[in-house]
Amino acid sequence: MAEEDVYTKDGTTDFCNKPAIKKKTGTWKACPYILGNECCERLAYYGINTNLVNYLKYQLNQRNVVAVNNVTNWSGTCYVTPLLGAFLADAYLGRYWTIAVFSIIYVFGMTLLTLSASLHGLKPYCSDNVCHPTGLQTTVFFMGLYLIALGTGGIKPCVSSFGADQFDDSDEIEKKSKSSFFNWFYLSINIGALVASSVLVWIQTNVGWGWGFGIPAVAMAIAVVSFFSGTRLYRNQKPGGSPITRIFQVMVASFRKFRVQLPNDKSLLYEISDEESAVKGSRKLDHTEQLSFLDKAAVETKPDRIKGTVNPWRLCTVTQVEELKSIIRLLPIWATGIIFSAVYSQMGTLFVLQGNTMDLHITQSFQIPSASLSLFDTLSVIFWVPIYDRVIVPLARKLTGHKNGFTQLQRIAIGLAISILAMLCSGTLELVRLSMVKTHHYYELKHVPMSVFWQIPQYFIIGCAEVFTFVGQLEFFYEQAPDAMRSMCSALSLTTAALGNYLSSVLVKVVSELTGGDDRKGGWIPDNLNYGQLDYFFWLLGLLSLINFAVFVMVAKWYTYKSVVSG
């Protein structure tokens, strides 16, 4: 076997920092440890997130609007901290060590949260179904909660990219497997979420919050063990130095040369002659015509070299310029994910509160917690992932001729369209529920005689939308990111979830203020939803989703896919 066939060609190394041997590292044999880590970590996360609104409402005695906004603010923070983790991974630590360090922080947060719901002095005192938390108890709870948010910052942006790193882009067989990896990665997320939304929510509601938070804490410890167990099999991408510095170097160099003329022959633009690019861990990128002003950073002039050495703040390579172009091209696609994330965030907030007002009985003596209905979102994902991978992709491949069935942008667009249906469905259900309330004067009835299982379609539709949009985004941001900025771009895609949660918080607050405040019987979203118009809020999200879909279609037509310099 030729030496070049022994090692990977994408610059990955093994755990000893030596070139990775293809047969001994990576591919599907390394993935079970990564997928196991993700499954357990997501079980821990959703074990907290799925029923958090009820903990805040009943254990910490918060009002509907306050509880909803605290959930979405925390969820949003969980999707902002990945920017920090991604920067450290791409610039200094690499993905492996970033995941390792932040996982330990995560475990500390889970432990503190469990103690806040278990220890006598830290858990709120409750009598006659009303709890009276002290300031210290609330503070300790939120400290644990936000330590978890920090811990997720090193895991969320790195695990999917780290899994994809196990497949060599220069090997066509491995590259084809990478697309399937993202599907199965998302499936592992939802297996963890399934346990959280069914078993854990039931334990939290019927056994106690100490056990309900303690089990996710143990799951997170198992996630750490699973990750470290695969160390010898992993392929690791070298950190390429600070991506933020390289971005600013291109911006500074191009503005310094705003009067310099671009050559007609773009091959005259500066690029190093070595086979590898000047950016560690990155392949060279082809020049593109868009955003040509930035190309001025790669025009060589006399002051650009000091004693024969290139000044990177005056002269940048074509690859470095194309890195920045790639990020700028991603931004409009990124922005269109915010509304989708706002729709998705309703499952952990307003869908739960809507379900609280309905009949929760499965049998005469057994009730299901309303938060457990999110398991139908999870079941939908578990149903659709293999259907998509094994049925839809082969059929679409025959129709479109594309190797993955759909392009990544087409896949995202289909999910955005489906999400509109989810809001129409939830709005229609609330309209019917309120009609029953008005007809029979059920305003003060805690549970309207209408089965909570009527919520299943809206959860199931969102699950279908996820398989298209969220998985499409995972693959799109990984594939279109410059090699040395993949963690950062994965984090960028996750910030759509953060901004979606924050947008939901803002919409709830604004709508509440404009429509009558957040008192018990006022506005669209009062404490007693029987007096509200929650259906109007769902219609509003449906309208915003429709506008967002139209914008996405226009942006997608403009987008130019990344092109790597061939051998």
Side-chain angles (χ1 to χ4, degrees), residues 40-81 102-156 192-193 195-197 199-224 348-349 352-353 356 369-372 374 501 505:
C40 291
E41 186 274 326
R42 290 290 85 187
L43 186 153
Y45 174 80
Y46 286 112
I48 305 304
N49 179 264
T50 303
N51 209 20
L52 183 58
V53 70
N54 279 331
Y55 186 89
L56 296 175
K57 182 174 180 178
Y58 298 112
Q59 298 298 118
L60 296 187
N61 202 15
Q62 295 183 349
R63 307 189 72 154
N64 273 355
V65 169
V66 175
V68 166
N69 282 350
N70 273 329
V71 172
T72 49
N73 287 340
W74 175 72
S75 297
T77 304
C78 288
Y79 288 95
V80 166
T81 53
F102 280 78
S103 292
I104 293 167
I105 295 172
Y106 201 131
V107 171
F108 277 119
M110 292 295 307
T111 303
L112 188 58
L113 201 70
T114 303
L115 293 175
S116 75
S118 306
L119 293 185
H120 178 70
L122 293 179
K123 68 178 182 179
Y125 168 74
C126 303
S127 62
D128 298 324
N129 293 323
V130 178
C131 294
H132 309 279
T134 65
L136 174 64
Q137 290 167 345
T138 302
T139 299
V140 171
F141 175 81
F142 277 100
M143 280 178 61
L145 206 59
Y146 279 87
L147 266 179
I148 292 168
L150 177 60
T152 63
I155 299 172
K156 282 179 185 288
V195 177
S197 59
V199 177
L200 287 179
V201 169
W202 187 87
I203 288 172
Q204 289 165 354
T205 306
N206 296 281
V207 178
W209 290 97
W211 282 99
F213 289 155
I215 293 170
V218 172
M220 189 58 219
I222 294 171
V224 175
T349 54
V352 175
L353 296 179
N356 285 346
S370 61
S372 287
S374 65
N501 277 284
S505 292

> Does any non-hydrogen side-chain atom of Ser75 lie less than 4.5 Å from one of Tyr45?
Replying inline: yes
> ring-ring contact (aromatic ring centres under 6.0 Å, His included): which pairs involve residues 121-141, sequence neighbours left out?
Replying inline: Tyr55-Phe141
> So, for Asn73 and Ser505, which heavy atoms are closest and what is the spacing to 0.1 Å?
Replying inline: OD1-OG, 3.3 Å
>> Show the nearest heavy-atom pair for residues Pro369 and Val201, with the distance to one decimal.
In response: CB-CG1, 3.5 Å
>> Apply side-chain contact (heavy atoms from CB on, under 4.5 Å) to residues Tyr46 and Leu200 and explain how you reach the verdict.
In response: CA-CA 9 Å; Tyr46 286 112; Leu200 287 179; over 6 Å; no
>> To the closest 0.5 Å, what do you measure between CG (Leu147) and CG (Leu150)?
In response: 6.5 Å
> Which residue pairs satisfy the side chain to side chain donor-acceptor pair (under 3.5 Å) criterion with at least one member in residues 199-215, sequence neighbours excluded?
Replying inline: Asn51-Gln204
> Does any pair with a residue in residues 138-156 pass side chain to side chain donor-acceptor pair (under 3.5 Å), and if so which ones, sequence neighbours excluded?
Replying inline: Tyr79-Lys156
> When rounded to the nearest 0.5 angstrom, what is the spacing between CD1 in Ile155 and SG in Cys78?
Replying inline: 10.5 Å
> Is there a donor-acceptor pair closer than 3.5 Å between any side-chain N or O of Ser116 and the backbone N or O of Leu113?
Replying inline: yes
> Should Asn54 and Ser370 be marked as a side-chain contact (heavy atoms from CB on, under 4.5 Å) after you check the CA-CA gap, both sets of side-chain angles, and the distance that decides it?
Replying inline: CA-CA 10 Å; Asn54 279 331; Ser370 61; 4.2 Å; yes
> Gly47 and Ala196: which non-hydrogen atoms are nearest, and at how many Å?
Replying inline: N-CB, 3.5 Å
>> Would you compute the distance between atom CG of Leu52 and atom CG of Leu145 and round it to the nearest 0.5 angstrom?
In response: 5.5 Å
> Considering all heavy atoms of both residues, which atom of Ser374 and which atom of Thr50 are nearest to each other, and what is their separation?
Replying inline: OG-CG2, 3.3 Å
>> Does Phe142 have more than 12 heavy atoms from other residues, nucleotides or ligands lying within 6.0 Å of its CZ?
In response: yes
>> So which atom in Ala149 and which in Thr81 form the shortest heavy-atom distance, rounded to 0.1 Å?
In response: O-OG1, 2.7 Å
> Measuring from Leu122:CG to Leu136:CG, what's the distance to the nearest 0.5 Å?
Replying inline: 6.5 Å
> Going from CG on Asn501 to CG on Asn49, what distance comes out if it is rounded to the nearest 0.5 angstrom?
Replying inline: 8.0 Å
> Hey, what do you get for CD (Glu41) to CD1 (Ile148), rounding to the nearest 0.5 Å?
Replying inline: 10.0 Å
>> Using every non-hydrogen atom in the two residues, find where Ser103 and Val224 come nearest and quote the distance to one decimal.
In response: CB-CG2, 3.7 Å
